[in-house]
Every structure is written in C-alpha cells, then in structure tokens.
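Report on the structure given below.
Every chain is numbered from 1, with letters handed out A, B, ... down the list of sequences. A quick note: this is a predicted structure, and the numbers were derived from the prediction, not measured.
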Number of protein chains: 2
Amino acid sequence: MDVTKKLKENGNTPTEARRMPIQARAKKRHEHILDITAELLAKVGVDELTTILIAKSAGISVGSLYHYFPNKIAILYALAQRWLDEINIALDDIDASTEDSEGLEAFTHRCTERVLEVYRRQQGILHLVQAMFSIPELHTLDEEHDAYMIKRFTHMFADQGIEAKGKELERRARVYLEIVHALSLLIVEQSGSQAARTTQDLKFMAYSALAGYHKPQ
Amino acid sequence: MDVTKKLKENGNTPTEARRMPIQARAKKRHEHILDITAELLAKVGVDELTTILIAKSAGISVGSLYHYFPNKIAILYALAQRWLDEINIALDDIDASTEDSEGLEAFTHRCTERVLEVYRRQQGILHLVQAMFSIPELHTLDEEHDAYMIKRFTHMFADQGIEAKGKELERRARVYLEIVHALSLLIVEQSGSQAARTTQDLKFMAYSALAGYHKPQ
DNA sequence: ACCTGAACACCGTTCAAGT
DNA sequence: ACCTGAACACCGTTCAAGT
C-alpha cells in the first residue's frame, strides 16, 4: 500500500533538523486537512465530499491540497489510519491496566467499554466507517487492522483463561470484533437510557460468545 | 422516493392487456439488467461499476439502459429492493409456519436460520450491502425496511411471549436485527464448520438479547 | 519553496439522428 | 417504437505559470 508511505515521512532524520519548524507547519496543515475532512464527512457524506470542497474549506487551493496528499483516497486513508491508531492506543491502555486474576468476564466488559469510547469520540464515525467499507484501499486497511486486533485479542483472552485455542479462539475473537463493531455503531446513535441498555446487551453477548456458553457442556 | 415509482408499473390494467407481450419482454430485460448488475457487483465492486460496463455486459447501448432505468442509482435501488423483497417473503414464511406454543427460543432460532438463508442466496451480497450503506438513496430504503422489519418482529416476538413491550421491545428487536445482519455477513464468508459454530453463537446471542437474560432479576 | 487554477481525462447522463 | 453513441456536465488530478 504505497499510499501510506508518503504519509509516514514524519520522522526527523538528523539532516532535516534545521527544517523542523517548516515540517511542523506542514504537519499542522496535514492534521488540519484531516479535521476539516472529518467535519465535512459528517456534514455532507462521502459522495458529496469533493476535493475542491475540502480545499476550499481548508482555505487552500486544490493544487495545494495535492501537495499534502497524493489523492482523495489518501486523505480518507489517513483519516481512517488516525482513527485505527486511537483503537490501538485503547488496546495498549487495556493491556497496561490488566491484572492476572481479573477473569474473562470483567476483562471483556472493561475491554468493550474502552473500545466503545473510541467509537463515541470520533466525529462522523458512521460516515468514516461507510468510507472504510466502500473504498477498496480503506477496506484493505480495515481488514489488516481487524487481523491485527484479532491477534492481540487472542493473546489477551488467553491470559484471562479463555477455554479455547487455535482457530476456534480466533473465530471467537472475530465474532467478538464484529458484534462490538455493529453494536457500537448502534449505541452511538441511541439516546442515553437506550444506549445504556444496549451496552449491557453487548457486554453480555460479547462475553457469552467468548466463553462459548451456548455449547453443549 | 420517486425512483421506485417507475419501477413498480408492472400491474397490468385492462387497457394495457394487448401490450402484454411487449411488457413481458421489457420486464425480462429489466430483470436481466439486474442479474447482470449483481454479477458485475460481485466481480468488480461498486466503484468500478460503470453504466457503460452494465450496458455492454447486458448487450445494449447506454442510451437503451437509460430507457429501462432513470439513472445508475435506480438500478442498484431496484437490486436492493429485490433483495429486501426476498427478506419479506422469508418473514411471510416464518409467520405462516408459526405455532402458538413454540416458545421464544425455538422461534428465534428458526427465524434466524431463515433470514440467514436469504443472505446466503444473494450473490455478491457483501457488495450489495456496501452499496446500500454508502449510497444515500439506498441507505434510506434500507432504513425504511429496518423499521418495517422491527415492526413485524415486535409483533412476532410478542406472540411468542417475550417479556418486554413498547420502546424496550423495539430496542431489543433492533439489537436482534443488527447482530443477525453483522454475523450473517460474517457467516456467509466462513467455511462450513466455522460457519456452523458462528451460527450457533448467533442464535444464542440473538435469543439472549431478546429474552433480556443479562438483566438483574 | 510553495501556491494557483485552467486544462485534461473519465464517467454519468442526454438527445438528435437512425432504423 | 425503440435504439444508438457522440456530446455535455462534473469531478479527480495535473502542471505550466506565478509569487
């Protein structure tokens, strides 16, 4: 995925140290463009999100926009990346605060709550998810991230003494991922009291899918 | 939604009886275009699905394609409509074969299985769902259909003695809908044995969300 | 060194001309 | 009565020219 390569040139090698202020300014504009895009996404949706609209909203010309991003998809790609990074941070948080004797149920609840929080915080999450679903490049990114999450989850669940391993553990982690994803999107749209109850439902279902309660014995 | 109006002119009023063969041919082409579109959708995805490609694949010119459908979205709209109609038929089937003493659990399992079958049968379902999510007109159609399903489900669940009513019953029906949708899309992609286990998970989760098992008391 | 916006390519849609 | 495909409008992208 060479779309990302260009976007990751933010490490400052020694020889570039003098140019730091300029890089910092560029980085700031880069972030600004992403913020504007997230706003527009929530306002007009993916289909009416034109590059000219993004440029105008960011106060620059189209040509200048293409100085920061190689194409329209790369902008949405970077936005998706930024959101997925938030999830990774959440996973790190969960990992850091885990205690051995916690048990699978309490762990799952905590985990679900923390991931839900990331969904809540992203403005226009529904449209972003829509873009991540319908644009092939973003879809690939999403799938890769899913694979990464499943890997981390299987380790975490194993540490909490889940009674499954190998392919079956992976399958359960995937089911966990899918229902957390689907219901988080629902919860974000619901009112306070409804959201609270659906969150309860989600936690229960997530745990029982992981614990394999439905199985005979 | 006036896109649909044109598509529903299939009832034969007496005065049009003479023209039936022509209408029948038109109807056949109409269906043929939808089949071709479903195929292409599965093959190339929404983004590379151009009107010229559809026309060429169907063996007609672009202009002729526009004789059958007012625009590109209308084609996808009709395809979505046709799929949603399959679901409605499934609901009718379920309704027709329901017995009073069945109980909520058995009913939910049967219901879930039947809906899953509709997902399995639609070719390129993933891309169709993607289109239904990302194109505003189709999204509206989908939301309206969700509302319709929730209405029907609440009645069915009530008949099976669910312990909830009003807004809470609707909320549970929505949660039911969302997890059946999310996991059906996963199951369709899975291998036989994995699919069987995830179907088990789904049935269990669906039932427990409806029964409200997680609640204190 | 960075920005601009007219110009180009491509796709959805139309309509004058054909049969 | 129906079909065709060149022509038009619009949006993503480029690049010669400006500061």
Can you tell which of [options] lies closest to the side chain of [X]?
{"X": "A:Val62", "options": "C:dG5, D:dG5, C:dG12", "result": "C:dG5"}
{"X": "A:Ser61", "options": "C:dT4, C:dT13, D:dT14", "result": "C:dT4"}
{"X": "A:Thr50", "options": "D:dT13, C:dT13, D:dC11", "result": "D:dC11"}
{"X": "B:Lys72", "options": "C:dT13, D:dT4, D:dT14", "result": "C:dT13"}

Please name the nucleotide paired to D:dA6 by Watson-Crick or G-U wobble geometry with both distances under 3.5 Å, or report none.
C:dT14
Does D:dT19 pair with anything, Watson-Crick or G-U wobble, both distances under 3.5 Å, and if so, with which nucleotide?
C:dA1
Here's a test of your reading of the structure: between A:Ile52 and B:Ser64, which maps to the more 5' nucleotide of DNA chain D?
B:Ser64
Mind checking whether A:Arg172 and B:Arg197 have side chains closer than 4.5 Å, heavy atoms only?
no
If you define the side chain from C-beta out and look only at heavy atoms, does anything of B:Gln122 sit under 4.5 Å from B:Leu128?
yes
For [X] and [N], is the shortest distance between a side-chain N/O and OP1 or OP2 below 4.0 Å?
{"X": "A:Tyr68", "N": "C:dC3", "result": "yes"}
{"X": "B:Arg29", "N": "D:dC2", "result": "no"}
{"X": "A:Thr51", "N": "D:dG12", "result": "yes"}

Tell me: [atom1] of [X] to [atom2] of [N], nearest whole Å?
{"X": "A:Ile60", "N": "C:dG5", "atom1": "CD1", "atom2": "P", "result": "12 Å"}
{"X": "B:Ile54", "N": "C:dC11", "atom1": "CD1", "atom2": "P", "result": "13 Å"}
{"X": "B:Leu65", "N": "C:dC11", "atom1": "CG", "atom2": "C1'", "result": "13 Å"}
{"X": "A:His67", "N": "D:dA17", "atom1": "NE2", "atom2": "P", "result": "20 Å"}
{"X": "B:Tyr66", "N": "C:dT13", "atom1": "OH", "atom2": "P", "result": "3 Å"}
{"X": "A:Asp47", "N": "C:dC11", "atom1": "CG", "atom2": "C1'", "result": "14 Å"}
{"X": "B:Leu49", "N": "C:dC10", "atom1": "CG", "atom2": "P", "result": "18 Å"}
{"X": "A:Ile75", "N": "D:dG12", "atom1": "CD1", "atom2": "C1'", "result": "11 Å"}

Parallel, tilted or perpendicular: which fits the ring planes of B:Phe157 and B:Phe153, with parallel below 30° and perpendicular above 60°?
parallel
Under a 3.5 Å distance rule, please check whether A:Ser208 uses its side chain to pair with a backbone N or O of A:Met205 as donor and acceptor.
yes
Give a yes or no answer on whether the side chain of A:His155 reaches the backbone of A:Lys151 with a donor-acceptor pair at less than 3.5 Å.
yes
